[in-house]
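Every chain is numbered from 1 and lettered A, B, ... according to where its sequence line falls, protein lines coming before strand lines. These values consider heavy atoms only, across backbone and side chains, with no hydrogens, waters or symmetry-generated copies.
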Amino acid sequence: MEEPDWSFFRESLLKWYRADRRPMPWKAIDNPYHIWLSEIILQQTRVAQGLPYFERFVAAFPTVNELAAAEDDVVMKLWEGLGYYSRARNLLKAARMVAFEFGGEFPDTYAGLLKLPGVGPYTAAAIASFAFDRQVAVLDGNVFRILSRYTNDSTPIDTGKGKKHYQMLVDDALGDTSAKRFNQAIMDFGALVCTPKKALCESCPMAARCAAYRVATVYERPLKEKKLKRRNRHFHYLVISDDKERTIIEQRLDKDIWQNLYQFPLLETNSSDVETSSLATHQDWPEFLPAGELTFVKRSRPFKQQLTHQTIMATFHQFQWKAMPKKVSAAQVVKNKLLVNFAFPRLINKFFADKSLLLDLF
DNA sequence: AACTCGGGGGG
DNA sequence: CCCCCAGAGTT
């Protein structure tokens, strides 16, 4: 096997690249706060999906010091709907670290950045190069795909060995050109030309020396060795309102999906085929809820939410409780109009959006 | 090393 | 239905 021609790769890439191919608001200005924020938002997230969130965060918190002073729930609400909520929790931790321990200044080295919560190898390299012009190459999904194709490499990318291997390759590919420019270029190239499914090989400037293109294995690269496992879960939410237009919600604090978000009191069962009347005998039925005082109102259709590692089927059981106390255990009794201030999973917001189900409780 | 953490877009 | 997306943290 012949040695990959990295100088050809590099020169073709940089010749192809222009900053305006994918305009992004944080590209133009070397503001470490903006660059850090954008990189956290874009982890496992498409630019089109993350962009509005970036704009809203910058508008709400123009500086890292202002973000650091924010309340947790406010940040979670801004993050609502974007997924991977540990990013929002770590975002706030890191902001407070920068603001209160580093005097509002981000670390300006790869190793220093790596110590921030939520900043791993990719993000540290991205910030170090984009904000501080450090000579480090990024290794993200685009880079795995491009390099495994260019070298027709069958090394799986989802192992420790694979990650080290491709880090070596991208370091070779980078050479001594500006990492700041190279990193932008290679990720734009992956998003616009060397895409996962319909790559533009016919107009690719590197096709002449792309090993996978030569032997028609482009769509077999990169290789993964692990298979995805999914589990099914069945949620039954208790939507309990009173005649003063208040509803009971609680915060998810367990180590599970949607940590720190809010929800209605939840019962989980082994199937969706459960009578509403049988829920009162569920072992997790809240102690503060006197089943006898609840008037059943309506049961929703099943709502399906497909996540990466689980498929969730949810049913919403609406009840009326006449003599609802002001506080119920650790849960909260909230005016319906104020529910918009709390961050909910998409699944629950879909229920809110389906007004035909609400039957003038909301 | 294996597992878990969301949600949306495209084929 | 599947896979992938400017990955990271925990076990």
Side-chain angles (χ1 to χ4, degrees), chain A residues 22 24 26-27 34-54 76 79-91 93-94 113-131 137-146 156-164 166-167 170 180 182-192 194-199 219-231 233 252 254-261 304-312 343-350:
Chain A
R22 281 216 299 178
M24 299 182 207
W26 51 86
K27 267 189 183 176
H34 286 190
I35 290 170
W36 162 74
L37 178 60
S38 72
E39 292 300 341
I40 302 297
I41 287 174
L42 292 179
Q43 286 167 4
Q44 293 292 287
T45 303
R46 293 169 190 280
V47 172
Q49 188 188 359
L51 193 52
Y53 286 84
F54 175 81
M76 295 311 289
W79 201 272
E80 182 184 40
L82 194 56
Y84 283 161
Y85 296 93
S86 67
R87 291 183 294 171
R89 300 190 296 269
N90 285 330
L91 186 79
K93 277 189 199 168
L113 288 158
L114 204 49
K115 293 178 182 167
L116 296 174
V119 175
Y122 162 77
T123 306
I127 303 172
S129 61
F130 298 151
V138 295
L139 183 55
D140 78 330
N142 293 298
V143 178
F144 279 123
R145 186 171 59 254
I146 294 166
I157 63 171
D158 54 349
T159 66
K161 259 178 69 178
K163 287 181 173 62
K164 279 185 185 172
Y166 288 101
Q167 185 67 55
V170 74
K180 181 172 181 170
F182 177 92
N183 288 340
Q184 295 282 13
I186 198 167
M187 289 194 285
D188 281 2
F189 189 77
L192 298 176
C194 197
T195 54
K197 301 202 172 165
K198 291 177 69 174
Y219 298 109
E220 298 167 30
R221 302 288 179 265
L223 225 55
K224 285 187 179 177
E225 72 173 26
K226 296 183 177 63
K227 285 173 187 169
L228 184 61
K229 288 180 192 168
R230 280 210 175 94
R231 65 171 169 146
R233 301 179 74 176
R252 290 179 67 85
D254 293 350
K255 211 190 64 183
D256 195 357
I257 54 169
W258 304 325
Q259 190 178 97
N260 285 21
L261 272 61
K304 183 178 175 180
Q305 177 82 354
Q306 184 66 60
L307 305 178
T308 301
H309 290 93
Q310 40 190 304
T311 305
I312 296 173
F344 294 96
R346 285 290 289 170
L347 178 60
I348 291 181
N349 278 323
K350 283 180 191 167

Item checked: OP1 or OP2 of B:dG6 under 4.0 Å from side-chain N/O of A:R346 ->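 No.
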Check: Do the side-chain N or O atoms of A:T123 get closer than 4.0 angstrom to the phosphate oxygens (OP1, OP2) of C:dA8?
Finding: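 For C:dA8, OP1 or OP2 has a side-chain N or O of A:T123 closer than 4.0 Å.
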Notebook entry, point to check: Stepwise, does the side-chain contact (heavy atoms from CB on, under 4.5 Å) test hold for A:W79 with A:L91?
Noted result: CA-CA 10 Å; A:W79 201 272; A:L91 186 79; 4.1 Å; yes
Rounded to the nearest angstrom, tell me the gap between atom [atom1] in [X] and atom [atom2] in [N].
X      : N     : atom1 : atom2 : value
A:L51  : B:dG8 : CG    : C1'   : 15 Å
A:R145 : C:dC4 : CZ    : C1'   : 8 Å
A:L91  : C:dG9 : CG    : C1'   : 15 Å

Is it the case that the base of [N] and the side chain of [X] share a donor-acceptor contact (distance under 3.5 Å, atom types as modelled)?
X     : N     : value
A:S86 : C:dG9 : no
A:Y84 : B:dG6 : yes
A:R46 : C:dC4 : yes

Check: What is the nucleic acid contact for A:Q310, judged by heavy atoms within less than 4.0 Å: base, sugar-phosphate only, or nothing?
Finding: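 Answer is sugar-phosphate: A:Q310 comes under 4.0 Å of backbone atoms only.
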Check: Under 4.0 angstrom, heavy atoms only, what part of the nucleic acid is A:E80 near: base, sugar-phosphate, or nothing?
Finding: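 No contact.
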Check: Under 6.0 Å from the NZ atom of A:K226, do we count more than 12 heavy atoms belonging to anything else shown?
Finding: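 Counting other residues, nucleotides and ligands, NZ of A:K226 exceeds 12 neighbours.
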Checklist line | Pairing stems for DNA chain B [at least three consecutive pairs; Watson-Crick or G-U; under 3.5 angstrom] | finding: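 The stems that DNA chain B takes part in, listed by first number, are B:1-5 with C:7-11, B:7-11 with C:1-5.
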Note to self: Taking only the C1' atom of each, what is the distance from C:dG9 to B:dG8 in whole angstrom?
What the structure shows: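 Each nucleotide's C1' atom is 23 Å from the other's.
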Next item on the list: Mind running side-chain hydrogen bond (donor to acceptor under 3.5 Å, both in side chains) on A:N349 and A:R346 for me, showing each step along the way?
Entry: CA-CA 5 Å; A:N349 278 323; A:R346 285 290 289 170; over 6 Å; no
Checklist line | Side-chain donor or acceptor of A:Q43 paired with backbone N/O of A:G118 under 3.5 Å | finding: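 Side chain of A:Q43 to backbone of A:G118, a donor-acceptor pair under 3.5 Å: yes, one is there.
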Checklist line | Expected output: side-chain A:S129 to main-chain A:A126 donor-acceptor under 3.5 Å | finding: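 Here the side-chain-to-backbone pair exists.
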Next item on the list: State, with a plain yes or no, whether a side-chain heavy atom of A:L261 is found less than 4.5 Å away from one of A:F344.
Entry: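 Not in contact.
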Item checked: Considering all heavy atoms, the nearest A:A191-A:R145 contact ->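 Minimum heavy-atom contact is N-NH2, 4.4 Å.
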Check: What heavy-atom pair brings A:T308 and A:L228 nearest, and what distance separates the two atoms?
Finding: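 Looking at all heavy atoms of both residues, the shortest contact is O-CD2, 3.5 Å.
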Next item on the list: Mind running a 4.0 Å heavy-atom check of residues 38-45 of chain A against DNA chain C and sending the residues that fall below it, in number order?
Entry: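 By residue number: A:E39, A:L42, A:Q43, A:Q44, A:T45.
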